Protein chains: 2
Amino acid sequence: MFKRYLPILTWLPHYHRRLLGADVLAGIIVTIMVIPQSLAYALLAGLPAVVGLYASILPQLLYTLLGTSRTLAVGPVAIIALMTGAALSSVAQPDTDAYLQAALVLSLLSGAILVMMGALRMGFFSNFLSHPVISGFLTASGILIAASQLGSILGVSSSGFTLIERVITLLPNLPQFNPYTFAIGTGTLVFLIAMRRYGKQTFSVLGLPAALTDLITKAGPVFAVVTTTFITWHWQLTEAGVEVVGAIPSGLPALSFPWADASLWRTLLIPALLISLVGFVESVSMGQMLAAKRRQRISPNQELIGLGAANLAAGVTSGMPVTGGLSRTVINYDAGAQTPAAGAFAALGIALITLSFTGWLYYLPIATLAATITVAILTLVDIPMLRQTWCYSRSDFSAMAVTILLTLVEGIEAGIVSGVTLSIALFLYRTSRPHSALVGRVPDTEHFRNTHRHNVETISHVALLRIDESLYFANARYLEDTVYNLVASHPELEHVVLICSAVNLIDASALESLDAINARLKDSNVKLHLSEVKGPVMDKLKKSDFLDALTGRVFLSTYAAWREFS
Amino acid sequence: MFKRYLPILTWLPHYHRRLLGADVLAGIIVTIMVIPQSLAYALLAGLPAVVGLYASILPQLLYTLLGTSRTLAVGPVAIIALMTGAALSSVAQPDTDAYLQAALVLSLLSGAILVMMGALRMGFFSNFLSHPVISGFLTASGILIAASQLGSILGVSSSGFTLIERVITLLPNLPQFNPYTFAIGTGTLVFLIAMRRYGKQTFSVLGLPAALTDLITKAGPVFAVVTTTFITWHWQLTEAGVEVVGAIPSGLPALSFPWADASLWRTLLIPALLISLVGFVESVSMGQMLAAKRRQRISPNQELIGLGAANLAAGVTSGMPVTGGLSRTVINYDAGAQTPAAGAFAALGIALITLSFTGWLYYLPIATLAATITVAILTLVDIPMLRQTWCYSRSDFSAMAVTILLTLVEGIEAGIVSGVTLSIALFLYRTSRPHSALVGRVPDTEHFRNTHRHNVETISHVALLRIDESLYFANARYLEDTVYNLVASHPELEHVVLICSAVNLIDASALESLDAINARLKDSNVKLHLSEVKGPVMDKLKKSDFLDALTGRVFLSTYAAWREFS
């Protein structure tokens with residue numbers, strides 16, 4: 001009972017020294033690696049860089065207590081940062097107190113939503129984000145985030161939260177580009193891409209052990225941060241117009257509650273809902289994948305509570321909305337984290353930096369951070385997936401295309417909402433015009449297949465009609481039309497057998513239609529039979545009057561009906 | 001080609017004298033019968049009584065030209081009038097020019113929506129109004145309309161468009177009730193109920209022929225109108241405070257176009273959409289039922305165009321939104337109408353009355369009209385249906401209950417929208433947690449049934465898993481969980497066969513999950529097989545890489561898999 005709600009109790013009592021060593025090492029690596037990205041994502045959301053550090057401390061500690069994934073690392077992530085920026089800019093100006101307050105309100109709201117969904121066991125909700133929608137959304141977000149960083153890399157200013165806004169605001173400023181910023185930004189970009197693509201093989205050729213090679217390759221961003229910070233400090237490039245992180249207040253954030261007025265809470269409710277859902281999906285997909293690798297399990301409903309608590313913590317410690325991050329979790333996993341304690345050690349590490357060493361970050365160029373984000377995020381862009389989905393299913397492709405297009409043009413919220421709505425609408429449309437087939441017997445077997453696809457035996461006065469869909473309100477009238485047309489075009493028919501092997505549900509509307517079909521066939525002296533009705537469907541039919549009114553019989557198998565009539 | 005878009009061409013060329021006689025008689029009967037209700041429904045919408053007459057002329061003529069039902073009578077109907085009133089009162093004060101204008105805008109909008117839906121062949125949209133939602137909506141509307149007439153019957157004023165508003169505004173006025181109005185109202189009510197319940201048997205006892213008995217019973221409202229009008233005129237009860245229809249301008253309506261500003265059109269768009277859909281559903285259900293009785297067919301898409309044209313006509317002839325009405329259609333059908341010409345004759349009859357005889361309606365008491373509406377509408381209230389639906393399906397019942405409750409408390413629009421949304425959500429929820437069953441062989445057959453329900457043979461190292469649902473994004477992860485749990489709890493398994501007889505669709509998300517299941521089972525040395533994959537599903541799988549990666553085989557039948565492994 002306690003273990004279910006405090007998952008820390010499942011691993012802490014068995015904790016021992018060997019685990020401690022591994023976890024502390026992972027914690028140190030994660031601390032160093034995630035500081036640049038934490039700063040970068042705060043900037044991406046239009047917030048001061050230090051907010052990204054604040055949001056990586058208490059939220060991670062609470063997740064350690066309440067989360068079920070052993071390796072998930074919680075903090076600011078790119079997509080959530082972008083969504084946060086879009087939501088906040090609609091209610092306040094960046095660099096104002098109101099903007100900071102709104103970020104806290106947004107964190108608290110998404111925390112509350114997640115905890116509530118967890119308490120109501122609504123983890124299944126994330127299932128409605130279909131694979132094409134998630135995949136399209138990630139691709140579009142990648143493009144969008146990369147575009148948002150382009151200005152910082154080139155050293156010109158741009159703003160906005162859609163691709164068009166970004167491009168429109170970027171173009172007129174292009175002539176004022178700063179050559180030093182440009183050099184740092186593109187230099188870092190080229191270095192990081194080269195590291196990613198050729199790093200491993202280069203170091204292997206040099207004869208380094210695989211684990212070290214891997215670590216060096218991953219440390220690319222840290223190396224870039226240290227180098228460009230040194231260059232900027234040494235030649236005092238700030239005077240030449242290179243933008244840097246600048247002064248960060250040292251010390252831990254104070255506990256505070258954003259006493260904003262009710263209308264702000266209401267306005268941010270829908271964005272908070274979407275941020276919660278998207279964050280949850282990113283986090284759970286990640287957590288499930290890694291848990292599967294180690295044959296562990298995570299509980300989606302408890303994850304909701306863990307992530308919710310993390311966001312509530314962000315909301316009272318001057319943070320921003322957080323979730324289990326793609327890149328920080330991979331770093332943690334690869335660094336050998338064994339238990340959630342690794343996350344706690346990383347949180348303590350970041351707290352230590354925030355407390356005393358923020359001065360070291362003064363000369364860190366924004367362009368370096370922008371390049372770091374861009375390289376990390378471009379892995380989300382999955383163009384081959386577009387072609388694969390197109391080949392497999394036009395309707396899945398259209399959901400994906402709409403999600404990508406609207407995310408780019410109208411923003412993330414519009415993209416996701418339209419993608420989900422379209423997925424559901426297409427599913428409903430498909431089920432509202434079910435496939436049905438007249439079947440016949442495969443000679444010398446008890447098996448029945450489509451008369452148009454297979455060479456099968458039929459009986460002239462009997463129609464064996466297989467309906468390939470659950471019968472419910474959206475296709476009830478379509479079913480009536482199908483049967484009436486069948487009877488009208490085959491005047492010799494005396495029996496119609498509805499094969500229900502694919503009918504998983506008959507709702508009240510469909511029952512009404514079956515009643516109507518039964519009555520109308522009776523007028524034409526045609527008997528209606530059912531076959532292969534599933535247990536749960538039969539149980540429900542028995543509660544209605546339909547079986548009493550049915551002119552024909554209910555056969556256990558289609559073969560039984562065949563024997564009866566042939 | 002022409003016949004498809006001008007259905008009048010299918011019957012007019014074959015018209016002959018015998019049909020003419022029947023149609024003219026039906027036209028005369030309908031004219032007399034529908035005048036009281038046309039006046040009443042206009043009042044129900046908060047419009048001058050004469051608007052109801054205007055809306056019964058040109059709209060009906062256009063429907064005669066373009067509609068596919070032989071017997072549908074088009075004009076103002078109770079539910080649409082109530083929805084019209086609710087929509088108009090949110091944009092203008094009753095008894096003002098703006099209110100009248102808004103009614104025309106609403107008619108034109110719903111006309112345009114219907115015609116557009118017809119042109120796009122979107123008749124299937126009405127399928128999403130499930131039977132429980134329609135039935136719940138009709139019941140609640142019946143109660144709501146009856147409540148709205150209570151004030152007029154008692155002779156006290158009340159207003160509002162929800163049950164609570166009606167009751168709250170009615171109660172304080174109760175002491176000022178008018179005894180004459182009360183007498184006329186309740187007198188008519190009791191008379192009409194008695195006619196409906198005992199009329200037929202009483203007149204049969206008197207030895208009258210059945211057809212005449214039927215006609216007399218149906219003429220109850222006309223008799224009530226004539227009698228109470230005479231009484232009110234003779235004793236000049238208007239001076240005692242009895243409200244009457246009063247002076248109606250005689251003459252036909254002039255053609256006009258409501259030049260309202262854009263914001264009004266925008267505001268009325270959603271109400272117009274709902275009015276169109278509800279009107280269409282009422283009309284098509286009615287039309288299909290009667291067409292079936294005479295073995296005729298109607299075309300839902302052409303009906304959209306016919307009803308749309310009728311509403312456009314109402315919008316330019318000082319009318320109000322119209323549709324194929326329940327009671328007026330039944331009157332037309334029972335009076336023996338053979339072709340749409342009967343409707344045209346009724347329209348001409350009403351035009352004649354409007355032109356010259358509106359003076360006769362001066363002393364017609366509002367209370368009489370209210371009683372007429374109430375009796376007609378209470379047939380919509382179907383309480384036994386509530387119990388039946390409860391027994392058959394809790395989720396259908398909940399959709400019905402929510403529709404009724406919200407229609408009564410929040411109004412018709414809220415009721416329908418919530419009912420439809422809930423129906424869809426419940427369907428998606430149900431399909432997101434599909435029923436699945438481990439099956440075994442029914443001894444000595446090729447048939448396989450649930451191991452928990454039937455006494456069947458199984459093989460210990462083979463799991464035959466039947467999934468009773470199409471595989472799509474909402475249940476893709478649930479499928480993964482089901483299979484993983486199955487394998488985890490049966491360590492002896494070497495083969496898992498997914499029986500796809502009920503799988504009508506595998507979308508891109510589910511394909512991704514099947515890929516994941518296949519890979520994970522491979523790690524555990526368990527082979528994944530499929531059986532009874534349907535033709536259309538197999539065609540799509542062949543377009544993906546899944547079948548190449550599949551560790552096992554695709555069997556034509558489950559029996560083939562059984563033979564392979566046993």
Side-chain angles (χ1 to χ4, degrees), chain A residues 124 127-133 288 292 388-389 391-393 395-397 400 423-424 427-435 437 442 445-447 449-450 453 468-470 472-478 501-505 507-509 511-512 516 520 534-536 540 543-545 556-557 559, chain B residues 124 127-133 288 292 388-389 391-393 395-397 400 423-424 427-435 437 442 445-447 449-450 453 468-470 472-478 501-505 507-509 511-513 520 534-536 540 543-545 556-557 559:
Chain A
F124 72 90
N127 292 348
F128 287 96
L129 289 169
S130 69
H131 190 260
V133 170
Q288 264 172 339
Q388 277 171 34
T389 309
C391 289
Y392 184 67
S393 154
S395 67
D396 278 317
F397 176 81
M400 187 185 265
S423 303
I424 293 177
F427 174 70
L428 291 175
Y429 180 73
R430 257 189 297 205
T431 58
S432 78
R433 309 174 69 82
H435 178 256
V442 179
T445 70
E446 299 182 10
H447 211 68
R449 306 291 294 198
N450 194 333
R453 284 174 179 261
D468 290 355
E469 196 60 67
S470 291
Y472 77 113
F473 58 89
N475 59 29
R477 272 180 220 144
Y478 190 82
S501 54
V503 174
N504 310 306
L505 167 78
D507 80 350
S509 309
L511 185 69
E512 195 80 7
R520 187 137 155 209
K534 302 202 163 141
K540 288 185 80 183
K543 289 185 196 156
S544 74
D545 309 331
L556 184 64
S557 69
Y559 184 64
Chain B
F124 72 90
N127 292 348
F128 287 96
L129 289 168
S130 69
H131 190 260
V133 170
Q288 264 172 339
Q388 277 171 34
T389 309
C391 289
Y392 183 67
S393 155
S395 67
D396 279 317
F397 176 81
M400 188 185 263
S423 303
I424 293 177
F427 174 70
L428 290 175
Y429 180 73
R430 258 189 295 204
T431 58
S432 78
R433 310 175 68 82
H435 178 257
V442 180
T445 70
E446 299 182 10
H447 211 69
R449 306 291 294 198
N450 195 332
R453 285 173 178 262
D468 290 355
E469 196 61 66
S470 291
Y472 77 113
F473 58 88
N475 59 28
R477 273 181 218 142
Y478 190 82
S501 54
V503 175
N504 309 307
L505 167 78
D507 79 352
S509 310
L511 185 68
E512 195 81 6
S513 290
R520 187 138 154 210
K534 300 201 164 143
K540 288 184 80 184
K543 290 186 198 154
S544 74
D545 308 331
L556 184 65
S557 69
Y559 182 65

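Just so we're on the same page: letters track the sequence lines, and every chain starts at 1. Remember, it's a predicted structure, so these values are computed and weren't measured experimentally.
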What part of B:S423 gets closer than 4.5 Å to chain A, counting heavy atoms only: side chain, backbone, both or neither? both
Among B:S509, B:S513, B:C391, which residue has the highest count of heavy-atom pairs closer than 4.5 Å to chain A? B:S509
Looking at B:R430, B:M400, B:Q388, which has the largest count of heavy-atom pairs under 4.5 Å with chain A? B:R430
First locate atom CZ of A:R453, then atom NZ of B:K534, and finally report the distance between them rounded to the nearest 0.5 Å. 11.5 Å
Chain B contact via A:E469 - which portion, at a heavy-atom distance below 4.5 Å: both
Under 4.5 Å from a heavy atom of chain B, the part of A:L556 involved: both
Step-by-step side-chain contact (heavy atoms from CB on, under 4.5 Å) determination, A:S130 to B:Y472: CA-CA 8 Å; A:S130 69; B:Y472 77 113; over 6 Å; no
Where does the angle between the aromatic ring planes of B:F427 and A:F427 fall among parallel (under 30°), tilted (30 to 60°) and perpendicular (over 60°)? parallel
Select, from B:A476, B:P132, B:A437, the one with the greatest count of heavy-atom pairs under 4.5 Å involving chain A. B:P132
Just do the side-chain contact (heavy atoms from CB on, under 4.5 Å) check on A:H447 and B:Y559 with the steps written out, would you? CA-CA 9 Å; A:H447 211 68; B:Y559 182 65; over 6 Å; no
Turns out that what part of A:S557 lies under 4.5 Å from chain B's heavy atoms comes down to both
Between A:H131 and B:F473, does a side-chain contact (heavy atoms from CB on, under 4.5 Å) hold up when you go through it step by step? CA-CA 7 Å; A:H131 190 260; B:F473 58 88; over 6 Å; no
Heavy-atom donor-acceptor pair, B:D468 side chain to A:N504 backbone, under 3.5 Å: no
The interface call for A:S395 against chain B, heavy-atom contacts under 4.5 Å, is neither
Checked B:T389, B:I424, B:N450, B:D545 vs chain A; the most non-hydrogen pairs under 4.5 Å come from B:I424
Nearest heavy-atom approach of A:D507 to B:Y392 is C-CE2, 3.8 Å
Taking every non-hydrogen pair under 4.5 Å, which of B:S470, B:A474, B:S393 racks up the most with chain A? B:A474
